[in-house]
Protein chains: 2
Amino acid sequence: MNITIEDIRNKLIEKGLKITPQRISILQAVYVLNNHPTADNIIEYIREAHSNIATGTVYKVLDTLVENQLIRKVKTDRDIMRYDGIMEKHHHLYCSTCDLIEDYIDEELDNILSEYL
Amino acid sequence: MNITIEDIRNKLIEKGLKITPQRISILQAVYVLNNHPTADNIIEYIREAHSNIATGTVYKVLDTLVENQLIRKVKTDRDIMRYDGIMEKHHHLYCSTCDLIEDYIDEELDNILSEYL
DNA sequence: TATTAAAAAAGAATAATTCTCATTTAAGAA
DNA sequence: TTCTTAAATGAGAATTATTCTTTTTTAATA
């Protein structure tokens, strides 16, 4: 979770994406708001930090980041899309009552599955 | 897939639900439109069969059916909810490009998973 | 057949997301 | 450094799946 602005810039550069303050803020927000934030969580977080941002931009940038495999979409029972900055293979434990998502990493399970399939 | 109206009535009765033409049509539509239909698919199908139905009713009935475990909600990459009338344990193979969902039944896999967890 | 709680109709309201288009900006070229 | 331009952003309207509200209808029981 110790990701610097420089790390974020590099991630964007690796993908051949233009470096913009909006993209940096949004990617940083996904990392900081670590419980699988919604677009709205991200907008709120960025606006608190005194920079304005258009909602359309947030959705656009999130799509770009998903396309470039810097983040992932996470769907839940509610019809709000959520985002995940952790790209290493993992599962989610989801509580549909409180809408909480917990990361679940289990290499043994992954091995069993990949051997079987 | 040979489910009669009588079967559907019985399913509703088992759950203690009032028998209404709308509920019968909707449950039937979920069975007939077997590739995990959306609420809209169901509305279209029912209206083709010459009976009108309010969209609100379809959503309400679908919720009732889900609550009573007669059908299941299926989430995909798109933000449209889809419904599944097959209640036996199964997985889904999903193509995010064409949005097609295929049922995947594999008891051996299920056993491996339930033994592991 | 009468009663009544539940269900449905109709359509307005909501809210997440997308779209449009004018403006701005990042990044490479000169 | 300044210029150029394709790409990105801002602003807010538009879209669309879903929910909500209110009135009317109906299924099930007495």
Could you check how far [atom1] of [X] sits from [atom2] of [N], rounded to whole Å?
| X | N | atom1 | atom2 | answer |
| --- | --- | --- | --- | --- |
| Ile43(B) | dA8(C) | CD1 | C1' | 13 Å |
| Tyr59(B) | dA17(D) | OH | P | 7 Å |
| Asn52(B) | dT24(D) | CG | P | 18 Å |
| Ile53(B) | dA10(C) | CD1 | C1' | 13 Å |
| Leu12(A) | dT9(D) | CG | C1' | 15 Å |
| Lys15(B) | dA6(C) | NZ | C1' | 19 Å |
| Tyr83(A) | dA16(C) | OH | P | 12 Å |
| Arg78(B) | dT18(D) | CZ | P | 14 Å |

**Value rounded to 0.5 Å, distance of CD in Glu107(B) from CD1 in Ile112(B)** =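 Reported value, rounded in 0.5 Å steps: 12.0 Å.
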Which nucleotide sits closest to the side chain of [X]: [options]?
| X | options | answer |
| --- | --- | --- |
| Lys18(B) | dG10(D), dA27(D), dT17(C) | dA27(D) |
| Val61(B) | dT17(C), dT18(D), dA8(C) | dA8(C) |
| Ala39(B) | dA10(C), dA7(C), dT18(D) | dT18(D) |
| Gln22(B) | dA9(C), dA17(D), dG10(D) | dA9(C) |
| Ala54(B) | dA16(C), dA10(C), dT19(D) | dA10(C) |
| Pro21(B) | dA27(D), dT17(C), dT9(D) | dA27(D) |
| Ile19(B) | dA16(C), dA8(D), dA27(D) | dA27(D) |

**Side-chain donor-acceptor contact under 3.5 Å, His36(A) with Asp103(A)** =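 Their side chains do contain a donor-acceptor pair, which is all the 3.5 Å distance test asks for.
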**Message:** For Asp106(B) and Tyr116(A), which I'm curious about, is there any donor-acceptor pair between the side chains at under 3.5 Å?
**Reply:**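 Looking only at side-chain atoms, Tyr116(A) and Asp106(B) do form a donor-acceptor pair, the distance falling under 3.5 Å.
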**Global bending angle along the helix from dT1(C)-dA30(D) to dA30(C)-dT1(D), which compares the axes of five pairs at either end, to 10 degrees** =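 Nearest ten degrees gives 30° for this helix.
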**Message:** Can you work out whether Lys60(A) or Arg9(B) has the more 5'-proximal nearest nucleotide on DNA chain D?
**Reply:**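 The residue closer to the strand's 5' end, by nearest nucleotide, is Lys60(A).
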**Message:** If we check side-chain contact (heavy atoms from CB on, under 4.5 Å) with Leu62(B), which of these qualifies: Ile71(B), Thr57(B), Leu70(B)?
**Reply:**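 Only match with Leu62(B) under side-chain contact (heavy atoms from CB on, under 4.5 Å): Ile71(B).
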**Request:** Among Ile80(B), Thr76(B), Asn35(B), find the one that has a side-chain contact (heavy atoms from CB on, under 4.5 Å) with Asp99(B).
**Result:**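 For Asp99(B), the side-chain contact (heavy atoms from CB on, under 4.5 Å) test succeeds with only one of Ile80(B), Thr76(B), Asn35(B), which is Thr76(B).
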Donor-acceptor under 3.5 Å ([X] side chain, [Y] main chain):
| X | Y | result |
| --- | --- | --- |
| Asp63(A) | Lys60(A) | no |
| Lys75(A) | Lys75(B) | no |
| Arg72(B) | Met87(B) | yes |
| Arg9(A) | Ile19(A) | no |

**Prompt:** What is the per-nucleotide protein-contact pattern of nucleotides 19-24 of chain C, from the 5' end, where B denotes a base atom under 4.0 Å from a protein heavy atom, S denotes such proximity for sugar-phosphate atoms only, and - denotes neither?
**Reply:** B-----
**Message:** Does dA8(C) have OP1 or OP2 under 4.0 Å away from a side-chain N or O of Thr20(B)?
**Reply:**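 For Thr20(B), the contact criterion (side-chain N or O under 4.0 Å from OP1 or OP2 of dA8(C)) is met.
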**Prompt:** Are Ile42(A) and Ile3(A) connected, step by step, through hydrophobic side chains (Ile, Leu, Val, Met, Phe, Trp, Tyr) whose heavy atoms are closer than 4.5 Å?
**Reply:**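 Yes, one cluster joins them.
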